[in-house]
Amino acid sequence: QVQLVESGGGLVQPGGSLRLSCTASGSIFSIAAMGWYRRAPGKQRELVAAITSGGSTNYADSVKGRFTISRDNAKNTVYLQMNSLKPEDAAVYYCNAAASSTVIPATSDYWGQGTQVTVSS
């Protein structure tokens, strides 16, 4: 009922920047929060950053000061500006939304397909 599409991943050198975008579409009733998770090879998925519809944010300690999450509620879009990228930031980044749909009016987690971020010299 709710679809998430990420974009903006790619290959950058250490110290470089990328901006990820995620747009929700479909039979959306409301979105309480959106965020970004990442999974590196051989590691568990971890929360990178999240933002509520009211603008409250949370960041993983490893990205504080380097990443910035923002949103455009009117467009149902969340962004992740990633600066000073490190090799350990390399992962598949997944967009997440806590949302309810007009079809199923209960808040559920929805996930995007992921976008690859590679950080290498």
Side-chain angles (χ1 to χ4, degrees):
Q1 292 78 22
V2 179
Q3 296 81 44
L4 304 177
V5 179
E6 305 104 328
S7 63
L11 171 65
V12 297
Q13 295 183 355
S17 298
L18 284 174
R19 191 191 192 205
L20 306 182
S21 299
C22 173
T23 298
S25 62
S27 55
I28 300 170
F29 180 76
S30 65
I31 299 177
M34 299 184 75
W36 293 93
Y37 290 73
R38 67 187 181 189
R39 187 190 297 276
K43 296 184 178 181
Q44 294 182 321
R45 181 180 63 190
E46 66 172 340
L47 173 68
V48 179
I51 186 168
T52 69
S53 60
S56 297
T57 60
N58 287 293
Y59 295 93
D61 288 341
S62 60
V63 307
K64 287 182 178 178
R66 299 188 298 118
F67 292 10
T68 302
I69 190 169
S70 60
R71 87 292 181 213
D72 185 335
N73 289 339
K75 297 180 179 180
N76 292 325
T77 298
V78 64
Y79 307 93
L80 185 67
Q81 179 66 47
M82 304 185 293
N83 298 325
S84 302
L85 283 162
K86 304 175 181 179
E88 51 263 43
D89 294 318
V92 177
Y93 284 69
Y94 297 91
C95 180
N96 168 263
S100 61
S101 74
T102 57
V103 179
I104 304 176
T107 301
S108 301
D109 282 341
Y110 295 87
W111 294 90
Q113 79 289 342
T115 184
Q116 178 71 53
V117 172
T118 302
V119 185
S120 179
S121 299

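Quantities reported herein were computed from a predicted structural model and do not represent experimental measurements. We're numbering straight along the sequence, starting at 1.
- Between the CG atom of Leu85 and the CZ atom of Phe67 there is a distance of 5.0 Å, given to the nearest 0.5 Å.
- Tracing side-chain contacts under 4.5 Å through hydrophobic residues (I, L, V, M, F, W, Y), one reaches Trp36 starting from Ile51; they form part of the same cluster.
- Counting all heavy atoms, side chain and backbone alike, Ala97 lies closest to Leu4 at N-CD1, 3.7 Å.
- When every heavy atom of Gly9 is checked against every heavy atom of Val117, the shortest pair comes out as CA-CG2, 4.3 Å.
- Connection of Phe29 to Tyr110 is not established within any shared hydrophobic cluster, with ILVMFWY side chains joined at heavy-atom distances below 4.5 Å, either directly or through further cluster members.
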- So Tyr59 and Thr68, side chain to side chain contact (heavy atoms under 4.5 Å, CB included) or not? Walk me through it. CA-CA 8 Å; Tyr59 295 93; Thr68 302; 3.9 Å; yes
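- Within 6.0 Å of CD on Gln13 lie no more than 12 heavy atoms contributed by other residues, nucleotides or ligands.
- Between Arg71 atom CZ and Thr77 atom OG1 the span is 12.0 Å, to the nearest 0.5 Å.
- The side-chain hydrogen bond (donor to acceptor under 3.5 Å, both in side chains) test applied to Ser17 returns Asn83, not counting sequence neighbours.
- The hydrophobic cluster containing Tyr37 also includes Leu47, Val92, Tyr94, Trp111, under a criterion of side-chain heavy atoms closer than 4.5 Å among ILVMFWY residues, counted directly or through chains of members.
- The distance from the CD atom of Glu88 to the OG atom of Ser62 is 8.5 Å, given to the nearest 0.5 Å.
- Taking all atoms of both residues into account, the shortest heavy-atom contact from Arg66 to Asp89 is NH1-OD2, 2.7 Å.
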- Trace of the side chain to side chain contact (heavy atoms under 4.5 Å, CB included) decision for Val5 with Thr23: CA-CA 6 Å; Val5 179; Thr23 298; 5.6 Å; no
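- The side-chain hydrogen bond (donor to acceptor under 3.5 Å, both in side chains) test applied to Lys64 returns Asp61, not counting sequence neighbours.
- Summarising the geometry of Leu80 relative to Ala49, their closest heavy-atom pair is CD1-CB, 4.1 Å, with the distance given to 0.1 Å.
- In terms of heavy-atom proximity, Ala99 sits nearest to Ile31 at CB-CG1, 3.9 Å.
- Glu6 places no side-chain N or O within donor-acceptor distance of the main-chain N or O of Cys22, the cut-off being under 3.5 Å.
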- Message: Before you tell me yes or no, could you show the steps for Met82 and Val48 under side chain to side chain contact (heavy atoms under 4.5 Å, CB included), namely the whole-Å CA-CA distance, both residues' side-chain angles and the distance that decides it to 0.1 Å?
- Response: CA-CA 11 Å; Met82 304 185 293; Val48 179; over 6 Å; no
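- Inspection of the Thr107 and Ser100 side chains reveals no N or O donor paired with an N or O acceptor under 3.5 Å.
- Listed for the Ser27 side chain is no donor-acceptor partner under 3.5 Å among the backbone atoms of Ser101.
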- Query: Given Arg38 and Val63, is the side chain to side chain contact (heavy atoms under 4.5 Å, CB included) satisfied, shown in steps?
  - Reply: CA-CA 12 Å; Arg38 67 187 181 189; Val63 307; 4.0 Å; yes
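- Atom CD of Gln81 is separated from atom CD1 of Ile69 by 12.0 Å, given to the nearest 0.5 angstrom.
- Interatomic distance, Asn73 CG to Ser30 OG, rounded to the nearest 0.5 Å: 11.0 Å.
- Residues Val103 and Gln1 come closest through the heavy atom pair CB-CG, 3.7 Å.
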